[in-house]
Number of protein chains: 2
Amino acid sequence: MNSPDGCSTFLVRHAWLSLRGVVAEALVAHELSVAQFASLLMLNDTPGMSVADVARKVSTARQSANEMLAGLERAGLVERRPNPNDRRSQRIYLTDAGRVRLDEALPTVRAVEAKLSEGFSAEEIAVVAAWLTRMTQAEQSTTTEEISTC
Amino acid sequence: MNSPDGCSTFLVRHAWLSLRGVVAEALVAHELSVAQFASLLMLNDTPGMSVADVARKVSTARQSANEMLAGLERAGLVERRPNPNDRRSQRIYLTDAGRVRLDEALPTVRAVEAKLSEGFSAEEIAVVAAWLTRMTQAEQSTTTEEISTC
DNA sequence: GCAGAATTGACAGGTCCCTGTCAATCGCCT
DNA sequence: AGGCGATTGACAGGGACCTGTCAATTCTGC
């Protein structure tokens with residue numbers, strides 16, 4: 001796919017690293033990490049998620065999500081409330097401050113991303129999105145699928 | 001770009017995580033980590049690089065590359081030779097075993113990647129590659145470009 | 001109902017990678 | 001020639017994330 005590497009995987013990796021860097025840079029002014037921003041985004045879209053839900057949504061470990069949400073909670077951007085239907089879990093909601101913070105940060109991030117995609121048509125972007133989504137469906141066999149061969 | 005997140009950055013991240021998982025799974029049979037495989041690939045393409053060169057090529061920190069190369073060296077897949085032109089740096093070369101290992105692993109990885117891209121035309125793949133490459137050109141301002149505004 | 005499997009949030013421990021730093025060396029410039 | 005910034009490889013220390021585990025709770029099959 002690419003001449004020097006030859007593997008699209010590392011092209012995707014490089015793109016992710018660059019994008020993360022740019023987004024992180026855009027977020028320092030809002031005192032948010034990339035992961036925190038992602039969580040705020042998810043929580044705004046789906047309020048009342050549990051820690052485990054957030055972890056699944058941002059595809060990270062439960063504990064990582066827990067630690068990061070603790071940071072957001074310390075900053076007063078999210079709050080945990082007991083879940084009346086499930087005494088194990090807690091529902092997590094954006095506070096007003098969290099919503100304000102997200103409303104401030106989101107346009108910045110969107111602007112950065114839009115600027116980077118300049119020159120690509122909507123159809124091309126759609127193709128890219130389709131390809132990336134296809135990659136995400138690369139479900140790795142959790143239980144190792146080559147057991148019998150040995 | 002994507003309905004739930006709304007940010008292409010996280011779609012790229014998700015794609016990278018999935019790809020890394022799949023590639024890592026394909027590489028366990030060859031006893032290679034994804035980073036090690038990338039380094040072998042780069043060193044095969046450009047033999048005699050220094051540790052710093054490898055770090056830049058795989059876009060990681062010098063020390064991370066150093067540790068990983070130490071692992072490859074312990075496994076006998078690469079070797080360090082003094083650089084006659086520069087007594088600070090060392091030239092790193094693939095050993096015969098390293099070349100064999102790479103020749104074994106590369107087809108596996110390529111097959112996995114090709115299988116994932118099934119159904120996309122060459123033109124579409126080219127668009128994806130162009131977009132990803134464009135993202136990698138998102139040079140983050142190392143020296144903060146918004147100094148004057150405050 | 002109730003035993004067993006699954007899930008949730010939290011904890012410990014470890015890994016990977018990064019930043020900051022250092023002496024040694026190289027390149028440039030005068 | 002010689003000073004000075006930049007680079008290289010190595011070291012210490014820390015941050016972010018993960019796996020493995022636990023009690024508590026919920027869900028499921030009988």
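Sequence lines set the chain letters: A, B, ... in the order given, protein chains first and strands last, and positions in each chain run from 1.
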> C:dT8 phosphate, OP1 or OP2: any side-chain N/O from A:R56 under 4.0 angstrom?
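For A:R56, the contact criterion (side-chain N or O under 4.0 Å from OP1 or OP2 of C:dT8) is met.
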> When you compare the side chains of A:S50 and A:Q90, does any donor N or O come within less than 3.5 Å of an acceptor on the partner?
no
> Does one hydrophobic cluster hold both B:L106 and B:Y93, with members joined at side-chain heavy-atom distances below 4.5 Å?
no
> Enumerate the residue pairs fulfilling salt bridge (Lys or Arg N to Asp or Glu O under 4.0 Å) with a member in residues 70-81 of chain B, sequence neighbours excluded, ordered by first and then second residue.
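Counting only pairs at least two positions apart or across chains, the salt bridge (Lys or Arg N to Asp or Glu O under 4.0 Å) contacts touching residues 70-81 of chain B are B:E73-B:R80, B:E79-B:R81.
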> When you measure from the side chain of B:R134 to the backbone N and O of A:E118, does any donor-acceptor pair fall under 3.5 Å?
yes
> Under 4.0 Å from any atom of DNA chain C, heavy atoms only: list the residues of residues 85-95 of chain A that qualify, in numerical order.
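Correct list: A:R88, A:S89, A:Q90.
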> Is it the case that the base of D:dA16 and the side chain of A:Q63 share a donor-acceptor contact (distance under 3.5 Å, atom types as modelled)?
no
> In whole Å, I'd like the distance from the CE atom of B:M68 to the C1' atom of C:dT15.
15 Å
> Between A:E67 and B:V51, who's closer to the 5' end of DNA chain D by nearest nucleotide?
B:V51
> Taking only the side-chain nitrogens and oxygens of B:S64, find out if one of them lies under 4.0 Å from OP1 or OP2 of C:dC16.
no
> Taking only side-chain N and O atoms of A:N66, does any of them lie within less than 4.0 angstrom of OP1 or OP2 on C:dA10?
yes
> Heavy atoms only, 4.0 Å cut-off, all strands: where does A:A61 land among base, sugar-phosphate and nothing?
base
> Would you please name every residue forming a side-chain hydrogen bond (donor to acceptor under 3.5 Å, both in side chains) with B:Q63, sequence neighbours left out?
B:E67
> Within this structure, what is the CZ-to-P distance between A:R20 and C:dC18, rounded to whole angstrom?
8 Å
> In whole angstroms, how far is the P atom of C:dC17 from the CZ atom of B:R62?
16 Å
> Has the side chain of A:T95 got a donor or acceptor atom that lies under 3.5 Å from a matching backbone atom of A:L77?
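The answer is yes, because a donor-acceptor pair under 3.5 Å joins these two groups.
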